[in-house]
Amino acid sequence: MKLNKIALVLGLTTSMSGMAYAQDVGQEENTQQNEEAEKVERISVTGSSIKRTAIEGDLPLTVISREEIDAQGITTAEQLMLQLNVASNSNDNLASNTGIVSGEERGNNGASSANLRQQGSGSTLVLLNGRRTATHGLKGRSVDLNSIPFSAIERVEVLRDGASAVYGTDAIGGVINFILKKDYQGAQVGTFVDHTEAGGGNIYRVNALAGTGDLYSDGYNVMASLSYRKAEILRGVDRDFTNTFQPESGLSPDTRGTPFASLNDRPGGDDPTSPNYNLIGTGLINPNTGLENDVLNVLALPGMPGCDVYPNMGPDAAELWNRARNSGVSCAWDYPRAAALQQPVDSVDFVGRATMTLGDNAEGFVELMGSEVTSEKVFEPNQITPWSIGREGWYPSTGESYDYIVDALTDYYGADQLNIGAPIAYRWRCMDCGPREIETTTQAMKIQFGVEGQIGFWDYRVGLGHATNESESQLGGGYHYTSLLAQGIGSGAINPFLLPSQSQSEAGMAALAAASAEGVILYGGKTTLTQFDASITGDSGFNLGLGGDNIYVAGGIDIRNEGYEFNGDRREAADRPEIYGAPFDNANELDDVDRTVKAVFVETLVPVVETFEMNLAVRYDHYDGFGGTTNPKVGLMWTPTEDVLVRGAYSTGFRTPSFNQLFNGVTEVPYTGQDLADPRDCPNGEVDASDPNCDEAIQPTRLFGGKEDLGPEESKQQSFGVVYAPNDSFSMNVDWWRIVIDGTIQVPSLRDLIENYELFEDNFIRDSEGNLVTIDSRYINAGERETTGIEVGIQSNGELAGGLWDVNFNGSYLIEDKKKLLDNAQWGDNLVGTHSRGNIPLRWKHTIVFNYAKGDFAHNLTQIYRHAYDDEIPPGVQSGIAFPTYYDGEVGSYTIYNYSVRYMALEDWDITFGIKNLFDRDPPFTAHQNDYSPGAAFDPRVADPRGRSYTLQLTYNF
């Protein structure tokens with residue numbers, strides 16, 4: 001194919017900065033010189049096994065250089081994903097998974113994952129130097145980005161399309177290839193500081209790089225990189241916008257578990273012979289409203305100190321939660337504000353590489369990578385109730401606090417409504433227990449051997465690698481043995497009813513200390529990956545004789561073994577006293593399961609005529625337990641003029657279930673709600689007092705866990721794009737893409753099962769008399785999911801006032817994201833632009849980067865934009881009970897600006913100063929429910945809670 005100005009953008013369009021644009025201009029000049037000399041170097045590009053010139057490629061590729069990363073003040077792969085427009089806004093980063101998780105999501109303890117084009121972390125392939133590495137030890141299905149040795153990165157290549165025919169069947173959403181430095185001479189030390197203006201969440205890094213030996217003159221090169229990074233905790237109380245006491249906007253904390261405990265009714269609570277006999281029985285009739293108050297707090301009653309006597313405590317916005325009966329007599333506590341907005345993380349990583357020449361046309365290398373990442377989840381203290389810790393934990397009917405409560409209730413409700421002398425059923429936020437902490441340590445290692453070289457006009461590559469990722473979580477403070485906690489409260493030593501001026505007695509603090517479970521191992525997991533690969537590529541010597549160049553071909557094999565093991569509670573089975581609220585996952589223990597994948601692939605690059613070429617590839621993979629799958633790819637590229645390039649591709653994919661999805665243990669959980677009727681007889685499973693078949697609620701059990709008969713997901717990917725480059729100073733590209741996945745692996749919600757009873761009748765298990773006893777809520781292969789979008793890029797450059805400038809615009813527009821539960825079901829609504837408890841499919845995202853270099857200074861100004869979307873509707877608003885004054889149902893757009901300046905006048909020093917979030921923009925407000933989505937009055941999947949921060953990077957070269 002003819003070399004032309006289209007080389008500026010084809011396949012090398014960057015999304016983070018225009019700094020690389022000037023480099024591409026230089027590349028174009030070199031390419032033109034090489035063309036004149038008829039020597040065009042062919043290089044490896046992510047997305048193809050064929051070495052190709054920089055202008056070739058039928059798939060959109062984003063290349064992010066080290067300089068761009070440093071200019072943005074990015075220190076981790078996770079931060080890079082948050083600023084990449086093609087990446088999804090999901091719960092895959094440490095700011096978005098700060099709550100309690102168990103089961104398959106337990107891997108979010110300490111892990112961050114890549115998720116491209118809304119397809120999920122399991123469908124995004126992450127490579128290191130073009131090869132796979134082990135997935136996270138707890139999560140088991142995706143690579144932990146925190147284990148990537150980020151300071152050793154030379155560049156990052158993001159293939160914005162499927163590549164199953166080249167890399168493997170799971171490369172459905174795209175490929176991210178982290179390419180590390182491979183040949184370095186000299187020594188370098190650096191430090192980086194990212195300090196927030198408002199305090200909290202500061203980030204520090206130090207790194208060193210050294211190497212010796214010239215590969216071409218000495219025949220060898222040895223280099224090593226060592227880096228340490230520390231990210232400090234950012235707490236909810238450190239940012240004012242995290243306040244969830246905003247009922248006028250539709251947001252309030254959904255908890256009556258308060259530092260001064262609330263009182264609760266219980267079934268049978270007025271019967272002295274019942275184990276639930278308690279002070280307020282089955283509820284108290286409010287003398288002003290005539291409504292029954294079933295959860296109340298005496299601080300809220302007339303003449304009492306008020307709910308706000310405690311920090312972060314206030315009146316319960318009962319209407320928002322469909323409990324207007326308790327309006328005015330209940331308090332809530334701002335528990336999301338007590339959580340961490342950014343987890344504290346310490347990491348150290350090492351990369352060592354030794355390369356030597358093997359004759360004139362080959363080189364061999366050995367590469368060793370290792371990292372240790374320690375993260376600490378810190379979230380609100382436990383909420384304690386006597387029905388969850390046992391009968392011993394009811395608060396006794398003696399003492400000053402008991403009398404204080406009885407007097408307050410008597411003054412408002414009257415003594416005749418009280419069961420004076422009965423113990424108290426309560427909801428208590430145990431502040432003296434301390435915040436809950438789970439510390440996770442992840443150790444990753446990879447050793448890679450390889451030989452690369454040439455035989456005649458053919459390039460070959462052979463590699464053997466082994467990688468492991470081992471992770472373990474243990475309990476920190478805030479967790480206590482249930483029985484000891486119950487004894488301490490039931491004896492009256494631990495007091496849930498303390499006013500701000502009061503404190504626990506010495507006996508109470510001693511009881512809490514004796515009950516502490518700090519240091520108990522929660523669970524651990526380990527993944528392994530052993531891979532052998534070999535490929536060859538070169539000029540076949542044949543052409544079609546229609547005016548095109550020779551046909552290039554590639555072929556290879558890929559054999560890998562993937563292993564996974566997971567262990568839960570390490571204590572002896574006979575000595576495992578319950579720990580209150582600890583998210584153990586013993587049901588999902590796995591003893592070293594593994595599978596082998598064998599693959600063979602071929603690829604051809606066929607220049608049909610001078611202006612049109614085809615890229616054809618096919619790969620066959622054989623999975624243990626699933627058999628074989630063949631996945632082709634067809635790519636087309638046409639340059640009708642010197643200024644225009646048209647490209648398109650079609651490919652298929654195949655993703656097997658993860659080990660967790662197959663082998664997680666099956667657990668049976670009772671359904672305790674009072675709102676479910678048999679959906680066979682009752683529309684939508686709703687209780688209806690007027691229908692004798694539906695007038696009583698049923699409480700079947702629910703099955704959760706893995707399912708060994710799960711099938712794979714199968715996908716089809718399509719893309720079509722146009723690149724326009726009329727001159728050396730301007731270019732633009734538009735790429736449309738579509739992904740359709742059949743047999744999506746998901747856990748069906750209870751509501752989905754009930755509302756589609758005819759489709760899922762087999763999931764409703766009945767006894768011999770036809771009574772519904774169990775609902776199977778395990779994984780299913782659901783119907784289809786279709787996602788489409790458009791990506792746009794514009795680049796321009798020129799001269800201004802004696803300096804050079806360039807502008808890079810990159811945007812992502814999501815057109816459609818819809819699902820259907822089964823193949824024969826109807827398509828659901830388009831989810832684009834709506835709130836989700838998993839991934840938020842934003843309609844539009846863009847980044848604009850302006851660079852200006854003059855003399856010794858290089859300036860970078862970046863705008864990052866995230867479009868508005870529909871908010872989650874509060875329960876009370878949805879039911880028509882609450883009407884918040886300022887709730888409008890939309891989460892506003894989010895725009896921030898980052899600036900940096902690089903000073904290059906000093907011979908051995910490189911200095912970059914930056915300001916992130918230049919105008920200190922707060923995240924947009926959202927009223928989503930905090931129990932199911934991250935963030936408190938904001939969403940970390942969309943916005944950064946750190947606010948304005950100042951960065952300084954210093955690098956010294958010896």
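The structure presented is a predicted model; accordingly, all values stated were derived computationally and were not measured.
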Inspect the contact between [Y] and [X] and indicate whether a charged nitrogen and a carboxylate oxygen are less than 4.0 angstrom apart.
| X | Y | answer |
| --- | --- | --- |
| Asp678 | Arg766 | yes |
| Glu786 | Arg738 | yes |
| Glu380 | Arg436 | yes |

Note, [X] side chain near [Y] side chain (heavy atom, < 4.5 Å):
| X | Y | result |
| --- | --- | --- |
| Asp776 | Leu753 | no |
| Asp871 | Glu890 | no |
| Tyr757 | Cys682 | no |
| Leu279 | Tyr426 | no |
| Ile384 | Tyr580 | yes |
| Thr787 | Trp737 | yes |
| Pro381 | Trp333 | yes |
| Val329 | Leu284 | no |

Check whether NZ of the Lys or CZ of the Arg Arg595 lies under 6.0 Å from the centre of the six-membered ring of Phe659 and within 45 degrees of that ring's axis. yes
With side chain to side chain donor-acceptor pair (under 3.5 Å) as the criterion, how do Asp870 and Thr834 come out once you've worked through the C-alpha distance, each side chain's angles and the decisive distance to 0.1 Å? CA-CA 5 Å; Asp870 292 341; Thr834 64; over 6 Å; no
To the nearest 0.5 Å, what is the distance between [atom1] on [X] and [atom2] on [Y]?
| X | Y | atom1 | atom2 | value |
| --- | --- | --- | --- | --- |
| Asn89 | Ile840 | CG | CD1 | 6.5 Å |
| Glu292 | Thr282 | CD | OG1 | 5.5 Å |
| Thr774 | Arg702 | OG1 | CZ | 11.5 Å |
| Asp939 | Ser836 | CG | OG | 10.0 Å |
| Asn322 | Ile881 | CG | CD1 | 4.0 Å |
| Gln929 | Thr244 | CD | OG1 | 12.5 Å |

Counting only N and O atoms by type, is there a donor-acceptor contact under 3.5 Å from the side chain of [X] to the main-chain atoms of [Y]?
| X | Y | answer |
| --- | --- | --- |
| Asp817 | Thr788 | no |
| Gln119 | Arg117 | yes |
| Asn781 | Gly711 | yes |
| Thr926 | Val891 | no |
| Tyr886 | Pro247 | no |
| Thr255 | Gly257 | yes |
| Ser249 | Pro884 | no |
| Ser88 | Gln118 | yes |
| Arg843 | Ile815 | yes |
| Asn684 | Glu686 | no |

Minimum heavy-atom distance [X]-[Y], with the two atoms named:
| X | Y | value |
| --- | --- | --- |
| Ala300 | Cys331 | CB-SG, 3.8 Å |
| Ala943 | Phe938 | O-CE1, 4.1 Å |
| Ala927 | Gly250 | CB-O, 3.6 Å |
| Tyr479 | Ile579 | CB-CG2, 4.0 Å |
| Arg941 | Asn839 | NH1-N, 4.3 Å |
| Pro315 | Phe245 | O-CE2, 3.6 Å |

Would one find more than 12 heavy atoms of other residues, nucleotides or ligands at under 6.0 Å from atom [atom1] of [X]?
| X | atom1 | answer |
| --- | --- | --- |
| Lys716 | NZ | no |
| Asp709 | CG | yes |
| Glu696 | CD | no |
| Asp829 | CG | no |

Please report the C-alpha distance between Tyr564 and Thr135 in whole Å, then the side-chain angles of each, then the deciding distance to 0.1 Å, and finally whether the side chain to side chain contact (heavy atoms under 4.5 Å, CB included) criterion is met. CA-CA 9 Å; Tyr564 178 61; Thr135 56; 6.0 Å; no
Give the intermediate values and the outcome of side chain to side chain donor-acceptor pair (under 3.5 Å) for residues Thr258 and Asn297. CA-CA 9 Å; Thr258 48; Asn297 196 300; 3.2 Å; yes
Stepwise side chain to side chain contact (heavy atoms under 4.5 Å, CB included) test for Leu814 and Leu842: CA-CA 7 Å; Leu814 199 57; Leu842 296 180; over 6 Å; no
With side chain to side chain donor-acceptor pair (under 3.5 Å) as the test, would you mind laying out the steps for Asn326 and Asp294 before giving the verdict? CA-CA 7 Å; Asn326 293 321; Asp294 53 5; 2.6 Å; yes
Quick one: do the [X] and [Y] side chains pair a donor with an acceptor below 3.5 Å?
| X | Y | result |
| --- | --- | --- |
| Thr242 | Arg337 | yes |
| Asp270 | Asn419 | yes |
| Ser483 | Glu392 | no |

Give the C-alpha distance, both sets of side-chain angles, the deciding distance and a yes or no for side chain to side chain contact (heavy atoms under 4.5 Å, CB included) between Ser473 and Leu138. CA-CA 9 Å; Ser473 292; Leu138 291 182; 3.6 Å; yes
Which of parallel (below 30°), tilted (30 to 60°) and perpendicular (above 60°) describes His928 and His835? parallel
Checking Leu831 against Arg785 for the side chain to side chain contact (heavy atoms under 4.5 Å, CB included) test, could you report, in this order, the C-alpha distance in whole Å, the side-chain angles of both residues, the deciding distance, and whether it holds? CA-CA 11 Å; Leu831 301 176; Arg785 180 187 179 194; over 6 Å; no
Side chain to side chain donor-acceptor pair (under 3.5 Å), that's the test. Do Asn631 and Thr629 meet it? Break it down for me. CA-CA 7 Å; Asn631 291 278; Thr629 174; 3.1 Å; yes
Among Ser879, Ser252, Ser327, which residue meets the side chain to side chain donor-acceptor pair (under 3.5 Å) test with Glu319? Ser327
